[in-house]
Every structure is written in C-alpha cells, then in structure tokens.
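Contents: one structure, followed by commentary.
Naming: A, B, ... by sequence-line order, numbering from 1 per chain.
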Number of protein chains: 2
Amino acid sequence: MTTPPDARPLRADAARNRALLLAAAADEFAEHGLEASVADIARRAGVGKGTVFRHFPTKDDLIAAIVVDRINDLRTAGEQLLDAEDAGAALLEFLTIAGGQRQQRDLSFLMGSAEWKPDVKRAQAGLFQAVEGLAVRAREHGAVREDVTGTDVFLLMCAPNYVSEYVPNASPDLWQRYLAIIFDGLRPEGAHALPQPPPTL
Amino acid sequence: MTTPPDARPLRADAARNRALLLAAAADEFAEHGLEASVADIARRAGVGKGTVFRHFPTKDDLIAAIVVDRINDLRTAGEQLLDAEDAGAALLEFLTIAGGQRQQRDLSFLMGSAEWKPDVKRAQAGLFQAVEGLAVRAREHGAVREDVTGTDVFLLMCAPNYVSEYVPNASPDLWQRYLAIIFDGLRPEGAHALPQPPPTL
DNA sequence: CGATAAGCGGACCGCGCGGTCAACTTGTTA
DNA sequence: TAACAAGTTGACCGCGCGGTCCGCTTATCG
C-alpha cells in the first residue's frame, strides 16, 4: 500500500491488529462520526489504546489510512470499467459502486477534501484520473452532455449519499434514486446551458 | 419568533447582544464549523461567555436558533414565489435563493436533520410545505418530471452547496453550476425511470 | 433620581479527549 | 530454547471544551 521503501515486514500479530483497528475505526466512524474517540475504537478492536498510536501516530493518520483505502478500492473498480463496451453504462455503474460503499458523510467528504498530506493527495489523483477517463469516454460516446467535465463527475460522485442521508428510516438504497436523477441531469437530452464554468482541481 | 406566550420584553441592550451573538455565531460556524468554541463566539460578539449561556442555555440551543432563522428566511422566500406565473421558473429561483444563502456544510445538514426539538421541527415543517407547494405547481406546469415529489426537491435543495464545497478556491457561485445540472435532472425531457420509490419524511 | 431587578462578565469546575511512556509480553530467528 | 527486538498495555498528563455562579453594572420606571 503506502509503504515507502523502508519496507520492514510487520510482525504477524501486529499486522492482524492493524487490520482489526482499521475495521473497528471504520465502523466506529460510521456510527458516531469522526468525533468517535480513539479509546472507543481501541476497545472495539480489542486492543489497548497505546496500540492505536503505535500504528497511527495521530488520530488524523488513522483517518487518512481509511480514506486512502476507500479511495484505492474505488479507483480499482473504476479502472476495471475503463474498457467496458458501453461507456455510458460503465460510468453509471461506477457511480453506483461509489454510492454502494456504505459511507458516512464526513468520510465521504474527506475523500474529496483538498487539505491532505501528500500520500492521500496521490491516491486522490489516481482516483480522479480513473473518473476522468470514464467521464471522457462517456462523453465521446454521447452518453453525457458536452459541457460536463471529469471534474464535475468527480464532485458529483458522493452527492447521492449526502442527499439520502437526511432521511431518518430510509431504505439503504435510497441514494440510487438521487443518483438516477443526477445522472439524468448529466445526459445530453434536454440539457440547458450551464451558468458557471467548470472548476479545476 | 419562537416566543411562547411568556412574552416578557427583552431589555434593549439584551436584545442587541442577542442579535450580535447570533451573527457572530453564524460567522464563526461558517469559518470553523460547528466545533467553533463558545468562548470564541463570545469574543467575536464582544460579550462575556456568561452572556452566551444566558441567552442560549446550551450550545445546541444557539445552533438551533440559527437554524430556525435560516429556515424561516427560506420559507418566507418560498411562500412569496408560490403565486408566480411560471411555476417552473419559480422553483428554480427558489432553489437559487436556497443556494445563495452562504451556508456551511454542517449547518445546511442540520436544516434538514431529523433529530431536533419540537420548535425546530415546526419550522422545518413550514419550509417543507412551501417547497412541496412549489414542486407540485412546477410538476402540474410540466416543468418537472412526473415521478419527482416535493420531498425529493426538499432533499436535493442543499446538494449543490455540498458539491461545490469540495473545490478549494472555487468561485463563490460555483454551486449554480451544480444546481443547473441537478435541475436538468428534474426536468421531464429525457427522464429515465427511477429505481427507488420516493421517501417520506 | 433612586430603587430594583434584569442583564453581564469572567474566574472557575469537571470531564473527556488526544497523546505519552515505561514496564511488561510475545513473535521471531539462529 | 534462549535471547532479543518488536509489539502491547493502561495508567497518566495537559489541554480546551461546555457549562456554572456570584459579585458587579445598568436599563427601566415610578
């Protein structure tokens, strides 16, 4: 993963604990948001608090590790869809996968956030490239309107989850409804001129 | 505003401080998010910390007061648009006003959040009714697709702000681009069937 | 103007957090 | 299996937060 060439192999139990910790933290963050305490995460993982800080010098580093994992999963999925025949369907499927990762508001936001250490930025850049590829191919295929850029798609990626998170006892698939609406907005049919130029990242 | 019939009039300076406090808190929350400290808010307003708690027994009460204000502003704007001739344009304008309120992620989220005290819920319900009215009229007018409900519009209301908040040095009007895209997704032309039924609140 | 109570301020409190450390346990390796 | 480094642990620390409280100030009104 994010191992600079210092590559000293982890002891077996340490590797297991690291994985337990990442999983526990992801769960805890999903339940209580980013203000979940490190102590709770440690308890959930069944390890001592000190162990957390041995693996991740800072709570932020722990969050960053989770974010990087998520980003990389998504990038892999995106890259595999780059050679699909129907570029429009591929983009829609990618966005469906992105929404399917049961995400928490804050975590999703951080995936795209700009203030990050270089290694997270690198992961973001990789994901962005994949999304850009999918978007461009879909546009060339006529499945997406001309005036929409890869950056637009990248930014809109998490919107369906945001929207559906307002609803208290919603179906866990409600986000698909809003993905469908937004995706219809990306289609060429019935598109109206956009009032603002596309941003760059 | 939210004055139950206990209606004892506020002393002049107290009323002024209350207003200063609300403004300072809104600014501070916009800059630093909801974790802005009460002490900082008091300093910004030029009052002592105790004064904050005299007006708002709890930090949450302060947040609630701001949320209620925002909701009511928006409701008023929405209600005035209910008699517009072009219902489609009215809905779009309403959504433009909603986006134009310089909002912060957390605050926008709380405007729609379900866990609130009764008085905030009441304000939310009022806003919802206005949005519902605008949406229904736009649908009858043929400006919005048949399968979209008032609830959908209510939920999508803040999405453009969320989306554009990812961009570091964005134009402050970037959200308009995403409002346009999403609004195109609400139009009847080129609409595809939605995969999930509409939610209820 | 003078009395009164509404309003103000900021030192103070306890709590829970992120982070440290030194004594202890355990996987690893020859 | 012995010896050592890698890993673990939880008591501990300091800080900054939300919230309290009481002595002081000041708007209000007869």
* **Under-4.0 Å salt bridge between D40(B) and R43(B)** => yes

* **Nearest-angstrom distance from the residue atom CG of D40(B) to C1' of dG18(D)** => 13 Å

* Structure fact -> Note: R145(A) and G185(A) closest approach over all heavy atoms is NH1-O, 2.8 Å

* Asked: For dT8(D), does OP1 or OP2 lie under 4.0 Å from any side-chain N or O of N17(A)?
  -> yes

* Could you check how far CZ of R16(A) sits from C1' of dT26(C), rounded to whole Å? => 11 Å

* Nearest to side-chain heavy atoms of R11(A), which nucleotide of dT28(D), dT28(C), dG19(D) -> dT28(C)

* Check the distance between dT20(D)'s P and K49(B)'s NZ and give it to me in whole angstrom. => 10 Å

* More than 12 heavy atoms of other groups within 6.0 Å of E35(A) CD -> yes

* Asked: When you match A12(B) and V38(B) each to their closest nucleotide on DNA chain D, which lands nearer the 5' end?
  -> V38(B)

* Euclidean distance, atom CG of residue L20(A) to atom P of dT8(D) [Å, nearest integer] -> 10 Å

* **Under-4.0 Å side-chain N/O to phosphate OP1/OP2 contact, T51(B) with dG7(C)** => no

* Pairing of D184(A) and R187(A) as salt bridge, 4.0 angstrom limit -> yes

* Structure fact -> From the candidates dG18(D), dG9(C), dC8(C), the one with an atom nearest any side-chain atom of V47(B) is dG9(C)

* To do: In whole angstrom, give the distance that lies between atom CG of L21(A) and atom P of dT9(D).
  => 10 Å

* To do: Considering just the side-chain nitrogens and oxygens of H55(A), establish if one lies under 4.0 Å of OP1 or OP2 belonging to dT8(D).
  => yes

* Structure fact -> Judged by nearest nucleotide, the residue sitting upstream toward the 5' end of DNA chain C, G50(A) or S37(A), is S37(A)

* Do the side-chain N or O atoms of T58(A) get closer than 4.0 angstrom to the phosphate oxygens (OP1, OP2) of dG19(C)? -> yes

* How long is the gap from CG on L156(A) to CG on L95(A), to the nearest 0.5 Å? -> 8.5 Å

* Just how far, in rounded Å, is P of dG27(C) from CG of D13(A)? -> 6 Å

* Asked: Atom CG of L10(B) to atom C1' of dG7(C): distance rounded to whole Å?
  -> 9 Å

* To do: Could you check how far CD1 of I41(B) sits from P of dC17(D), rounded to whole Å?
  => 11 Å

* Asked: Would you say dC8(C) has OP1 or OP2 under 4.0 Å from some side-chain N or O of R54(B)?
  -> no

